[in-house]
Structure formats: structure tokens, C-alpha cells
Amino acid sequence: MQRIIFHMDGDAFFVGCEVAKNPGLRGLPVVTGEERGIVSALSYEAKTLGIKRGMPIFRVKKDFPCVLVLPGDYASYTRFSQMMFDIVRRYADDVEEYSIDECFADLTGLDRTLKMSYLEIAERIKREVTVELGLSVSVGLAPTKVLAKVASNWVKPNGLTVIDPEKTAGFLLKTPIEKVWGIGPRTAEYLKKKNIQTAGDFAEKDVSWVRNNLSQPYESMWLELNSVCVSQVDSEPKTVYSSIQKTRTFHPPTRDTTFLLSEFSKNIEDACRKARHYKLVSKKISFFLKSRDFKYFTLKIVLDSPTNAPEVLVHEVRLRLGEMYKPGVIYRTTGVTLSDLVPDTVQQGDLFGSGIKAGKFESIHRQLDLLEEKFNKRVVYLGSTHKALNKKKLGTDSEDLDRDLLFL
DNA sequence: TCTGGGGTCCTAGGACCC
DNA sequence: TCTGGGGTCCTAGGACCC
């Protein structure tokens with residue numbers, strides 16, 4: 001059966017949220033990303049001035065003093081995001097929250113249920129988001145997810161574009177190949193060498209050509225461009241992860257191992273907290289240090305039994321820091337990845353390995369996680385994380401911090 | 001004073017086994 | 001003086017997404 005897929009995309013979403021919170025900003029050149037040092041999102045007025053995503057904030061401040069630079073406020077963006085998706089759910093059950101500012105919905109059959117045309121449903125969602133939340137969005141309606149993305153991108157900002165099956169060819173021949181979802185700069189370059197300039201050129205190729213020249217995911221993409229629905233709208237909230245990563249960049253860069261270890265400790269705690277939340281454990285953990293000149297130094301460890309207890313990992317990285325730390329190198333980022341995650345149902349304790357150590361911490365974490373979820377606030381940190389917290393909370397008296405937090 | 005953070009999937013190539 | 005031919009599993013790294 002022919003499906004009708006809806007895609008909605010926030011226009012300059014982070015800035016859009018800032019404007020929604022403070023309507024006085026409307027019409028002004030605004031960027032967010034001050035805390036990151038590069039532009040995350042920019043208003044269309046800022047774009048007109050020649051500012052681009054990823055531009056260093058210091059350059060914006062220097063070359064465009066009229067531009068308002070704001071720090072990101074992710075908690076509020078997440079709230080707007082949820083309110084936006086809730087509006088879509090007034091109409092459709094099947095809503096996939098694809099990213100903080102994008103969702104898909106399967107509208108198939110809702111024209112009869114709701115006694116409205118598909119276009120009318122899309123218009124109403126868009127209008128309610130605009131009126132109730134003060135956010136501008138662009139919307140696409142098409143037979144597949146890939147085509148719905150092409151559609152929502154067609155007119156931006158504030159667009160609503162329908163791609164009927166009969167009209168796809170016209171749209172695709174005017175869509176540059178690099179604008180197709182899943183085609184990045186490398187693949188675009190490769191395809192252009194093969195004389196494929198537009199999504200239409202690609203869609204017109206034989207399936208055998210696609211199989212012989214590209215890897216598997218591109219065949220799905222090719223099918224979707226040809227109106228064959230391959231990827232379903234998946235409304236299940238994500239609960240399975242194959243990996244969990246936490247990284248933090250700090251400034252100034254440093255070679256102070258005590259500080260680096262506390263940054264690792266913080267990342268490990270955050271990653272393990274998330275793993276515990278989803279009841280996952282890992283026995284393959286990799287750590288990295290990123291140097292000032294963006295070189296990576298990694299350390300991989302394999303435990304005897306999987307864990308999500310930060311104490312074990314903090315211990316390991318402290319013991320083996322020397323395997324990735326090079327004296328004389330200055331570092332800007334640390335990170336940790338828990339991979340090969342498995343459900344922590346029955347912890348078959350490894351009596352002689354690290355399993356027994358992890359076991360000791362299990363009930364402590366269970367209690368602390370409950371406490372923290374109840375107060376929706378981090379309450380307890382490892383002592384090894386102390387330094388990283390002080391560093392982060394600039395302007396906060398560290399004694400105040402100690403009064404609120406308990407260190408193990 | 002350039003360059004954040006969090007994911008997924010695929011491929012090539014080596015190790016190892018029979 | 002010529003060195004098979006499979007298969008599987010794992011890792012590193014690339015490409016892509018927001």
C-alpha cells in the first residue's frame with residue numbers, strides 16, 4: 001500500500017527556541033553556541049550577513065558586532081522539542097523522534113479516520129506548532145522517508161511541500177545529489193565523477209548499477225527515491241544502544257594528568273549512569289585523549305565480565321593512563337566509549353575477575369540512581385571527579401558546590 | 001582563540017582455524 | 001622453485017547523520 005510520510009524540521013531550531021522564549025529577538029541576527037566556541041545555529045538574519053554554521057564565535061564577535069551571541073540552553077530546547085512532537089501526536093500515533101528538531105510520522109489512512117486530506121493534516125500541525133509554540137518549521141509530505149526529507153527541505157524556512165508519486169521526477173532532477181539524506185561529501189564527489197549530479201540522475205540508474213558501485217545502504221536510498229518504502233516510521237523510544245559515549249572538551253588545554261584523570265572520571269560516571277539507566281553493561285571500553293592538534297591517543301580495555309560501575313573503569317584508566325598519555329603533548333578533550341553493550345539481566349559474576357569488584361558497588365548505585373532520578377539532579381560523584389566539577393562550574397564557589405554534593 | 005557531542009553502519013584486512 | 005582454499009571473527013577506520 002502506498003504510504004504517506006510526514007516530515008517536520010525546525011527552522012534554525014535552537015535560535016527559534018530562543019526567539020520563542022524572548023520574542024524581542026525576532027528579526028534580529030542571533031546565533032547560539034557561545035559555550036562551544038563555534039556557531040551551532042543561526043537566525044536567517046545572521047545567515048544573510050554571511051555567518052555560517054561552525055564559524056568560530058570569536059570571529060562572529062569581532063567581524064559582526066551587531067550579532068547577538070547566546071549560549072545554548074539544551075534543557076529548554078528539549079522541552080520545545082517534546083511540545084512540538086506532542087502536537088504531531090494529536091494527529092498521528094506513529095511519530096518517530098528522529099532528532100531534537102526533526103520527526104517523521106506515518107499518516108497513512110488518517111485522511112479517512114480524521115476526515116481531512118493529508119495536506120490539511122500537515123497544515124494544521126504546522127499551524128499549531130507556529131501559533132502555540134512560536135516556532136517556525138518546514139514540513140514535507142511524500143511516499144517515503146527519504147522523499148519526505150527532500151520535501152521538507154524544498155522550501156525553508158516555513159515551507160510545506162508535497163511530493164506526489166507522479167511528481168517525484170521533477171523534484172529529484174532539481175535536487176543536487178549532495179542534498180539527499182545519507183549522501184555525504186565523499187559519496188557526492190564519487191557520484192559526480194560518474195556523472196550523477198542530481199537525485200534524479202541517481203534514481204534513474206539501474207538497481208544493478210547501484211549494487212555494483214555502492215554499498216548496501218545506498219540501495220535502500222535508491223528504492224526510497226523511487227517511492228518504494230523501505231524504512232518504516234519507528235515510534236519506539238530508543239532503549240537499545242550498541243555504544244554509549246561521553247566526551248568533554250576543556251580549556252585551556254593541559255598535560256596535567258591529575259586533571260585529565262578527573263575529566264575521565266566525570267565522563268566515566270556519566271556514561272555509566274546512562275548505561276545503568278538503560279540496564280546495560282559493557283566489557284569493552286575505549287578511552288581517548290585528543291591533543292591540541294586533534295590527534296587521538298586511545299586505550300582499549302576488555303574486562304573479564306561486563307560492568308556499568310564507574311569505580312572499576314576509573315581504576316583501570318588510572319592504572320593504564322600511561323599507555324595513551326604521551327609526555328609533552330597538550331590535550332584538549334577526553335572521552336570514553338562503552339561498546340558491545342548487553343542487557344545486565346543476570347550478572348554472571350566472575351569470581352576471580354573484576355566482576356566481584358563491580359558487584360560491591362551494585363546496590364550503592366541502585367540507591368543513588370533512585371535518589372538522583374527522584375530529585376532529577378546529580379547528587380553524588382566519585383571523589384576522582386571532584387576536580388572536573390570545580391573546573392566546569394566557573395563562578396561557583398567551590399565550597400558551595402561541596403555543600404550540595406557528596407563525594408565518594 | 002578555529003574546529004562540540006553523541007550516535008550508527010559498512011568495509012577492508014589481519015588473525016586464526018580446518 | 002613454490003607455496004590450496006575455505007570459513008569466521010575481530011578491529012580499525014571511514015562515512016554519514018543530527
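All heavy atoms count here, side chains included; hydrogens, waters and symmetry mates do not. Numbers restart at 1 for each chain; the letters A, B, ... are given by sequence-line order, proteins then strands.
An OP1 or OP2 oxygen of B:dG4 is reached within less than 4.0 angstrom by no side-chain nitrogen or oxygen of A:Thr333. Between A:Ser242 and B:dT8 there is a side-chain N or O to OP1 or OP2 distance below 4.0 Å. An OP1 or OP2 oxygen of B:dG6 is reached within less than 4.0 angstrom by a side-chain nitrogen or oxygen of A:Lys246. A sub-4.0 Å separation between OP1 or OP2 of B:dG6 and a side-chain N or O of A:Lys238 is absent. At least one side-chain nitrogen or oxygen of A:Lys284 sits closer than 4.0 Å to the OP1 or OP2 atom of C:dT11. Proximity of A:Lys149 to the phosphate of C:dC18: a side-chain N or O atom is located under 4.0 Å from OP1 or OP2. Applying the 4.0 Å criterion to OP1 and OP2 of B:dG6, one finds that A:Ser243 has every side-chain N and O outside that range.
Using a 4.0 Å heavy-atom distance criterion, A:Ile244 is classed as a sugar-phosphate-only contact. Among the heavy atoms of the strands lying under 4.0 Å from A:Arg332 are primed sugar atoms or P, OP1, OP2 only; no base atom is included. Heavy atoms of A:Glu35 sit nowhere under 4.0 angstrom from any nucleic acid atom. Residue contacts shown for A:Thr187 are limited to sugar-phosphate atoms, with no base heavy atom under 4.0 Å away. Residue A:Gly184 is classed as a sugar-phosphate contact, given heavy-atom separations below 4.0 Å to backbone atoms only. Residue-level contact check: A:Val180 touches the backbone only, with heavy atoms under 4.0 Å from sugar-phosphate atoms and none from bases. When heavy atoms are screened at a 4.0 angstrom cut-off, A:Phe294 is found touching base atoms of the nucleic acid. As judged by a 4.0 angstrom heavy-atom cut-off over every strand, A:Arg186 is placed among residues touching the sugar-phosphate backbone only. Heavy atoms of A:Ile183 sit under 4.0 angstrom from primed sugar atoms or phosphate atoms, though from no base atom.
Remark: the A:Ser339 side chain and the A:Ser243 side chain contain no N/O donor-acceptor pair separated by less than 3.5 Å. Side-chain atoms of A:Gln232 and A:Glu96 include no donor-acceptor pair closer than 3.5 Å. When only modelled atom types and interatomic distance are considered, A:Ser152 and A:Asp9 share no side-chain donor-acceptor pair under 3.5 Å. Under the 3.5 Å distance criterion, with hydrogens and angles disregarded, a donor-acceptor pair is assigned to the side chains of A:Asn158 and A:Lys126. Side-chain atoms of A:Lys145 and A:Ser231 include a donor-acceptor pair closer than 3.5 Å.
Per the geometry, CG belonging to A:Leu338 stands 12 Å off P belonging to B:dG6, to the nearest Å. Rounded to whole Å, atom C1' of C:dG14 lies 14 Å from atom CD of A:Glu189. Across the protein-nucleic acid pair, A:Phe297 atom CZ and C:dA12 atom P stand 16 Å apart, rounded to whole Å. Between A:Asn212 atom CG and B:dT11 atom C1' there is a gap of 17 Å when expressed in whole angstrom units. Atom NE2 in A:His251 sits roughly 12 Å away from atom C1' in B:dG4 (whole-Å rounding). Across the protein-nucleic acid pair, A:Asp270 atom CG and B:dG5 atom C1' stand 12 Å apart, rounded to whole Å.
By the neighbour-count criterion of 12 heavy atoms within 6.0 Å, atom NZ of A:Lys21 is densely surrounded, having more than that number from other residues, nucleotides or ligands.
If A:Leu214 and A:Lys290 are placed on DNA chain B by their nearest nucleotide, the residue sitting closer to the 5' end is A:Lys290.
In this structure B:dC18 sits in a base pair with C:dG5, meeting the Watson-Crick or G-U test at under 3.5 Å.
Nucleotide B:dC2 carries an anti base; the chi torsion (O4'-C1'-N9-C4 or O4'-C1'-N1-C2) is more than 90° from 0.
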